[in-house]
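Some notes on the structure that comes next.
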Amino acid sequence: MYDSITVFCSVSASEMETVKSWLIPSLMLQKGISAIELFLINYTGKNDRLYADDARRGIVSVHDINKGTPCGFGEAHNYAFATVNPSPCFLIVNPDVYMHEYCIHELMSAMAQNGRAAIVEARQLPYEHPKGYDEKTGETPWASGCCILVDSVFFREERGFDELFWMYVEDVDLSWRAWLSGYRVLYHPPAAVYHFTGHYFSYNRYRYYTEYFWSARNFIYIMYKYWGRRGMRRGIQILNRLEYAPGYIREVIASVKEVKRKVDRRSLKGYRRNLKHHRDRILISDFNVYNKISSGEQ
Amino acid sequence: MKENFAIYILCADEEGGRKKEALFAELGLPAPRVRAGTDYYAFINSVIAGCPAEYALICHDDVVVPANIRDQVTCSIAKADAEFGADNWAFMGNAGIDSINYRPLRFVKDPEEGPLPWNNIRPYPAVHLDGNLLLVNAGNCKKRGFAMPSELTGAYGYDLVLVMESYMKGLVCGIDSSLFAIHEGAGEGEACGSGRIEAGLLDYLKKRFINHSFITLRGLISIDNTIDYLIRIGTDPRKCFYTHWVQPTLAEIYSRKERKKVHLVTVTDGLRYERIRRFLDSVRIAAAIGAGAVDIAVHLILNGVDPDAREGISAMAAEYKDLPIRIGVAAQQCEKDAELVSAFETMLQDNIDGTECYYWFVRRDDFVMPSIFPFLPQILHERMVTAGDIQFFDERWDDSGRSVPSLVRRCERLDSRAYCTTLVGKQNMPASGLIYPVRLIKEFLYDENGAISRYDDLFLMRIAFRATVDTVPFVAAGMCGNLDQDRADGMKAARESFRQATAVSRFIKAGIMRKIEYDYMNFLHDDMEKARQSIPYQFMEALMKKKWLYSSFEKMKPLAMPVLRFFFKIKDRW
């Protein structure tokens, strides 16, 4: 039995019904843990209070956090981490998940049993995330930010997520940085969450979602971040092969150029230098599966 | 008798208009109001403003309406009123794109369309309507201030714009088979390429919507739309046509209708608790996701369960206090291939019925997909069976006793439209994907002699042949199992197929094959479209244009269907 865990969930007012009816009830049913501190991060920055019901729901205590300005996924979690300062680890979870009753217990056990584990990822059901992992060790090149347990020391050392991503792919970046810094990233199938993500369930195929844009834009950005201009060119080639609407790729490339101007290029040299030691993990082929699926191509 | 609708026709010239009036008079049809011109945008506005009746029927000048058009219009109005509510619809057409499946539905005979349609029970909400024949609810349009945009003129794209404007005013558009007509025109063919969109329409779309593409009967209209992705949510005045206008309008309308009650039924032998728990977990999530959409009840039917196991199941059910779970005992102990009929028999004996009451049988080990629940008010109908897709998972369980498998491999997704392939020997439609209204179960559970079907597949085939089965693209259930084991079961099922052959021969004899033929053709629609592009097909088509060959073909029509089926079956090999 574990004492307590801090849970961060980046959410807006429009997603609160989901949080109230799925996430919080599933947290209340967690076994093998005494207390859960749930922090709802208002990423819209608006002043409205997200959660006005009972602050204490069974083993779950619910709190609001608001930076006051709109922020992306990484920025929201970096702010929450700095504010709450959780230790020794914390859970990041999407608002649209329903956690299996042993999920948190399994994640915490896996982190306790595996030295140097920076991130432990839960399995998504009914559709498992299509990516590879070592069935014996559980090691995986990257962990999806849908439901991950993160080591606080590692997160602090790495200064959290890269905020330039805004949303999507920052989880891949954080995982790769964990490998580069000598940590491990694990996939732990006994910990399960039901994730009814829009891609499989409710996305409209004739609409281009903001998610698609960020997914494509950040795919090229991460290619640039780790493989420089050559990587960026390769990313654009891949993007061109996917059937996007006219003008869409142009917008994506314009946005990548904008982010390139903001990035501190000297900081990237360290990543690129260490890549040769992790050629089996930092692979664009593996990540590309994710990218294709995120963008609706199956 | 005063008509409750007026017929309007827009003709290119006055001469054509006079001919049309004479033709209508000769056939004893209501006198049409003929207008000369080519601007459909202004024409529709003038029809709505000047219509002396509550409804108007707008036809192209190359549309032939049936002699019973009065009855058909009356029927269509009644269907639309019943489905959407009398105050909530604007236009009904005979062809368009269905808003749930985004599939083309055509209840029109034109040079591009071959088979006559099956009569549908209800109108389908549409995201695009073909303008060949439109029933306009002029009263609703006036009340809600509907108007076609004045900046647009001509005949291009008006059928898409009128649907958009309707939804923006909170009015639904629908497709209904009652408005069947013959459209002699050739249609606009491939007029929807991005390079051929008229500048006015392009501007209209760009100003109002964030979409990059719009689906129409004539293909996708793709536009080079610009989106500032950094604009905060809610500050861009443009919206997504489908998710902001269509879906909420439909959700609002269906939420006002009588609330539907879905009874989820499963049969258990008391073994494999963890799978039952997984099923109950899925229902619990479904209840959360579909909260407010439908009422849910769970029925666990015990089949040959010993007393200890029964206590165990009762204890498990007690853990799900938030779900109304009822535990019953099967009316007759049954084998695995008769669980569905046995469960339904038990439910009916226990008098679990009522209007807007549906049974959803979930086979043991399977679970429901919660994402379909918010759409159930729109897709369930008390006179139709609803078939959802099935996702097959290949999974392994360890002995931890938890309600999640230790390994899951996602396998194939079974298309709900494949339910009709039972006819050609493929058993592609598992029972868990079908949701039945109680009134149809009462009708089809018993055979012609009044005896209950003793096997699930006989019951399923009777449903496929006789009832209207509406297919939806949502995954209704997860079907789970061990792939190797299932293959072995498949072999066993194949050995038992003589029962199906017997049933099929009976149905042929009873003359009820036409409906399933239509479904089969509909299932093959996409394949047909691809096949039409193939060289062998085009070659055959060219040959058929020779009159003597075509007349021979007509004579051979009784044989044509099996040949076509065979052609599509083997086309993959080509």
Looking at B:A288 and A:S21, what are the two nearest heavy atoms and their distance?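 What the structure gives for the nearest pair is CB-O, 3.4 Å.
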
Which atom pair, heavy atoms only, marks the closest approach of A:H100 to B:S403?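 Minimum heavy-atom separation between A:H100 and B:S403: NE2-OG, 3.2 Å.
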
Qualifying residues under ring-ring contact (aromatic ring centres under 6.0 Å, His included), relative to B:F241, sequence neighbours excluded: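 ring-ring contact (aromatic ring centres under 6.0 Å, His included) list for B:F241, sorted by chain: B:F209.
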
As an exercise, state the distance from [atom1] of [X] to [atom2] of [Y], rounded to the nearest 0.5 Å.
X      : Y      : atom1 : atom2 : result
B:R278 : A:Y194 : CZ    : OH    : 6.5 Å
A:E106 : B:R402 : CD    : CZ    : 4.5 Å
B:F367 : A:L125 : CZ    : CG    : 8.0 Å
A:R123 : B:L407 : CZ    : CG    : 7.5 Å
B:R277 : A:E101 : CZ    : CD    : 6.0 Å
B:I285 : A:W22  : CD1   : CH2   : 8.5 Å

What salt bridge (charged side-chain N to carboxylate O under 4.0 Å, His left out) pairs are there with at least one residue in residues 21-30 of chain A, not counting sequence neighbours?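 Non-adjacent pairs meeting salt bridge (charged side-chain N to carboxylate O under 4.0 Å, His left out): zero.
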
Is it the case that over 12 heavy atoms from other parts of the model lie below 6.0 angstrom from the CD atom of B:E319?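 Check passes, neighbour count above 12.
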
Atom CG of B:D399: over 12 foreign heavy atoms under 6.0 Å: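 No, not enclosed.
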
Flag side-chain contact, heavy atom, 4.5 Å: A:L29 against B:R284: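 Side-chain contact under 4.5 Å: yes.
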
pair A:P126-B:M369: side-chain heavy atoms closer than 4.5 Å: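 A side-chain contact exists here, since the closest heavy-atom pair is under 4.5 Å.
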
